[in-house]
Visitor: 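Okay, here's the structure, questions in a sec.
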Amino acid sequence: MKAPVRVAVTGAAGQISYSLLFRIASGDMLGKDQPVILQLLEITPALEALKGVAMELDDCAFPLLAGIVQSDDAKVAFKDADYALLVGARPRGPGMERKDLLEANAAIFSAQGKAINEVASRDIKVLVVGNPANTNALIAQRNAPDIDPRQFTAMTRLDHNRAMAQLAEKLGKTVNDVKKMTIWGNHSSTQYPDLHHCEVDGKNAAEQVDQGWYADEYIPTVQQRGAAIIKARGASSAASAANAAIDHMRSWALGTDEGDWVSMGIYSDGSYGIQEGLIYSFPCVCKNGDWEIVQGLEVNDFSRERMTATETELAEERDAVKHLLP
Ligand code: NAI
């Protein structure tokens, strides 16, 4: 058996974590031969609820669960962490403006970035799930100057999975037939699901769908799927978000399938003309625990317009918290 790795999860008593933690502990994320120590962070008032979650984890008798740490101190939760899933965030309260939300979260993610910088493994892989995910990831990254910025990522895998499922359904196929899906940009309603490089049954996806349906139905459906879930369920996506977090980390740690890629919010190196340093979702191939942006895809005018719109939104979010970025 391998030595255990340390997996930090924030917002560990919340609804996403209630699905996520059990799947990490059962080996869905890092493989059925990789023991894990869960290091769980919550705010002080939620520690009692967290205790209940930890009791349930114990009661599953997961063979791969080598330990559980519970804390309201980020320096305890991130100590020597090999992986961190930053799920906890401040939700938008009544009357709260977008700017207030950005600032409230900036405070949380700057403190967590600093703690990661101080105590985590130098090879830590960080995934930010808590919204606004891309900008929260940027804030954490900027507060962790001693860690390679490539190690901070934001989750757009749920959008990627939603885009695959919607397309498969339209064409009467299954998600197994869909390859090379791409989500560009922000995890928000400006994200751009791109079918021009996507393949269904080995054939170009954009050529198999009507352009009107693509522009007027498909793209808005994927962009607004989170709101549609809230309307139907009365609560935001939880199990599917947890599933996407598992998928994201598994791809990153264990690699993507040959002939396919995934979407990840990552530190832009200027590829495809996207401003360097933004956390922007790109198509990525993962190998040996590292990711690379898929290069050389042709970008037509339809795509460029949408890629720029979502880039502009991310630049605006960054500028709104500029005074808090080191
Ligand atoms: P939730 O409200 O059920 O749980 C959040 C938990 O975080 C709470 O238990 C809260 O006490 C904790 N928390 C708050 N501040 C914290 C801090 N500073 N340190 C540690 N813990 C803290 O929310 P849920 O449904 O689990 O969602 C979590 C986040 O994920 C939200 O921001 C949500 O918008 C986001 N999300 C992102 C998705 C994506 O695709 N990127 C998809 C779905 C949700």
Side-chain angles (χ1 to χ4, degrees), residues 8-22 39-54 69-78 81 84-93 96 98 101-116 126-140 143 153-163 183 185-191 193 222-230 233-249 262-266 279 281 314:
V9 180
T10 74
Q15 56 150 3
I16 292 177
S17 289
Y18 195 62
S19 174
L20 179 64
L21 298 176
F22 296 83
Q39 306 194 153
L40 309 178
L41 183 68
E42 257 299 349
I43 52 174
T44 315
L47 283 178
E48 189 60 22
L50 181 61
K51 195 164 129 194
V53 176
V69 174
Q70 303 167 55
S71 184
D72 57 1
D73 180 349
K75 283 194 198 149
V76 172
F78 293 126
L85 295 94
L86 310 189
V87 180
R90 176 84 184 275
R92 190 186 291 223
M96 214 171 166
R98 188 174 175 80
L101 182 73
L102 280 165
E103 289 215 359
N105 279 297
I108 295 175
F109 286 83
S110 53
Q112 293 184 356
K114 286 190 177 87
I116 288 170
V126 181
L127 168 63
V128 177
V129 175
N131 280 319
N134 298 53
T135 297
N136 288 343
L138 175 76
I139 293 163
N143 280 281
T153 65
M155 189 166 95
T156 53
R157 188 61 172 269
L158 179 54
D159 309 297
H160 178 103
N161 288 347
R162 286 166 170 167
I183 302 291
N186 200 2
H187 168 69
S188 78
S189 58
T190 65
Q191 65 174 273
V222 175
Q223 290 172 332
Q224 306 292 341
R225 184 71 167 179
I229 304 267
I230 293 175
R233 206 174 86 85
S236 61
S237 331
S240 58
N243 178 69
I246 295 277
D247 283 352
H248 177 113
M249 282 304 208
V262 296
S263 304
M264 296 170 70
I266 45 154
I279 303 285
S281 180
L314 279 170

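Order of listing sets the numbers, starting from 1, for every ligand and every atom in it.
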Visitor: Provide, to 0.1 Å, the distance between atom 5 (C) of ligand 1 and the closest protein heavy atom, together with that atom's residue and name.
Guide: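 Going by distance alone, atom 5 (C) of ligand 1 is nearest to Gly14 CA, 4.2 Å.
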
Visitor: Report yes if Asn131 has an N/O atom closer than 3.5 Å to an N/O atom of ligand 1; otherwise report no.
Guide: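 Right, the criterion is met.
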
Visitor: Look only at the side chain of Arg157 and the backbone of Asp247, and say whether a donor-acceptor pair between them is shorter than 3.5 Å.
Guide: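 Here the side-chain-to-backbone pair exists.
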
Visitor: Is a donor from one side chain sitting under 3.5 angstrom from an acceptor on the other, for Ser240 and Arg225?
Guide: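 Note: Ser240 and Arg225 side chains miss the donor-acceptor criterion.
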
Visitor: Is Arg90 close enough to touch ligand 1? Criterion: a residue heavy atom under 4.0 Å from a ligand atom.
Guide: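 The answer is no, since Arg90 has no heavy atom less than 4.0 Å from ligand 1.
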
Visitor: Atom 17 (C) of ligand 1: which protein heavy atom is closest, and how many Å away?
Guide: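 Atom 17 (C) of ligand 1 sits closest to the protein heavy atom Ile43 CG2, 3.6 Å.
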
Visitor: Taking non-hydrogen atoms only, is His187 closer than 4.0 angstrom to ligand 1 via side chain, backbone, both or neither?
Guide: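 The answer is the side chain of His187.
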
Visitor: Please name the pair of heavy atoms, one in Thr10 and one in Gly88, separated by the smallest distance, quoted to 0.1 Å.
Guide: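 So the minimum-distance heavy-atom pair works out to OG1-N, 3.0 Å.
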
Visitor: Under 4.0 Å from any heavy atom of Gly11, which atoms of ligand 1 are there?
Guide: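 Answer for ligand 1: 6 (C), 7 (O), 12 (C), 20 (C), 21 (N).
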
Visitor: Report the nearest protein non-hydrogen atom to atom 37 (C) of ligand 1: residue, atom name, distance rounded to 0.1 Å.
Guide: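 Answer, as residue, atom name and distance: Val129 O, 3.0 Å.
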
Visitor: Give the minimum heavy-atom separation between Asn105 and Ala89, together with the two atoms involved.
Guide: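 What the structure gives for the nearest pair is OD1-CB, 3.4 Å.
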
Visitor: Do ligand 1 and Ser17 have nitrogen or oxygen atoms that lie under 3.5 Å from each other?
Guide: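 By distance alone, the answer is no.
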
Visitor: Indicate whether atom 11 (O) of ligand 1 is within a distance of less than 4.0 angstrom of some protein heavy atom.
Guide: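 Yes.
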
Visitor: Mind checking whether Ser237 has a heavy atom under 4.0 Å from ligand 1?
Guide: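 A heavy atom of Ser237 does come that close to ligand 1.
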
Visitor: When you compare ligand 1 with Thr10, is there at least one nitrogen or oxygen pair between them that comes in under 3.5 angstrom?
Guide: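 No; the residue has no nitrogen or oxygen that sits under 3.5 Å from a nitrogen or oxygen of the ligand.
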
Visitor: Whether the Asn143 and Ser110 side chains hold a donor-acceptor pair (N or O, under 3.5 Å, no angle test) is what I'd like checked.
Guide: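 Ser110 and Asn143 do not have a side-chain donor-acceptor pair below 3.5 Å.
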
Visitor: Heavy-atom contact check, 4.0 Å cutoff: does Ala13 meet ligand 1?
Guide: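 Ala13 counts as a contact of ligand 1 under the 4.0 Å cut-off.
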
Visitor: Using heavy atoms and a threshold below 4.0 Å, how should the contact between Ile16 and ligand 1 be classified: side chain, backbone, both, or neither?
Guide: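 Under 4.0 Å from ligand 1, Ile16 contributes backbone and side-chain atoms.
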
Visitor: Give the numbers and elements of all ligand 1 atoms closer than 4.0 Å to a heavy atom of Ala241.
Guide: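 Those qualifying, in numeric order: 42 (C), 43 (C).
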
Visitor: Taking all heavy atoms of Ala241 and all of Ile16, pick out the closest pair and write down the distance.
Guide: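 Shortest heavy-atom contact: CB-CD1, 3.8 Å.
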
Visitor: List the atom of Gln15, the atom of Ala235, and the distance in Å for their closest heavy-atom pair.
Guide: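 Taking every non-hydrogen atom into account, OE1-CB, 4.2 Å.
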
Visitor: On a heavy-atom basis, which atom in Lys51 and which in Gln70 lie closest, and how many Å separate them?
Guide: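 Minimum heavy-atom separation between Lys51 and Gln70: CA-OE1, 3.3 Å.
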
Visitor: Can you tell me how far apart CG (Leu102) and CZ (Arg90) are? Round to the nearest 0.5 Å.
Guide: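 CZ of Arg90 is found 12.5 Å from CG of Leu102.
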
Visitor: Which residue owns the protein heavy atom closest to atom 23 (O) of ligand 1, what's the atom, and how far is it?
Guide: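 Nearest protein contact, heavy atoms only, for atom 23 (O) of ligand 1 is Gln15 CG, 4.3 Å.
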
Visitor: Using heavy atoms and a threshold below 4.0 Å, how should the contact between Ala89 and ligand 1 be classified: side chain, backbone, both, or neither?
Guide: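 Both backbone and side chain.
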
Visitor: Heavy-atom contact check, 4.0 Å cutoff: does Arg157 meet ligand 1?
Guide: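 The answer is no, since Arg157 has no heavy atom less than 4.0 Å from ligand 1.
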
Visitor: Report the C-alpha distance between Gln112 and Leu41 in whole Å, list the side-chain angles of each, state the deciding distance to 0.1 Å, and finish with yes or no for side chain to side chain contact (heavy atoms under 4.5 Å, CB included).
Guide: CA-CA 10 Å; Gln112 293 184 356; Leu41 183 68; 3.6 Å; yes

Visitor: Give the residue, atom name and distance (to 0.1 Å) of the protein heavy atom nearest atom 18 (N) of ligand 1.
Guide: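 It is Ile108 CG2, 3.4 Å.
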
Visitor: To the nearest 0.5 Å, how far apart are CG in Asn161 and OG in Ser263?
Guide: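 OG of Ser263 is found 9.0 Å from CG of Asn161.
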
Visitor: So which protein heavy atom does atom 29 (C) of ligand 1 come closest to, and at what separation?
Guide: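 Here the closest protein heavy atom is Val87 O, 3.2 Å.
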
Visitor: Working to the nearest 0.5 angstrom, can you tell me the gap between Met264 CE and Met249 CE?
Guide: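 These two atoms lie 8.5 Å from each other.
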
Visitor: Which heavy atom of Ser189 sits nearest to which heavy atom of Gln224, and what is that distance?
Guide: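 Nearest heavy atoms, Ser189 then Gln224: CB-NE2, 3.9 Å.
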
Visitor: Evaluate Ala46 for polar contact with ligand 1, using N/O atom pairs at a separation under 3.5 Å.
Guide: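 N/O-N/O distance below 3.5 Å does not exist for this pair.
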
Visitor: Return the closest protein heavy atom for atom 9 (O) of ligand 1 as residue, atom name and distance.
Guide: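 For this ligand atom, the closest protein heavy atom is Glu42 OE2, 2.5 Å.
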
Visitor: Which residue holds the protein heavy atom closest to atom 19 (N) of ligand 1, what is that atom called, and what is the gap in Å?
Guide: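 Atom 19 (N) of ligand 1 sits closest to the protein heavy atom Gln112 NE2, 3.4 Å.
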
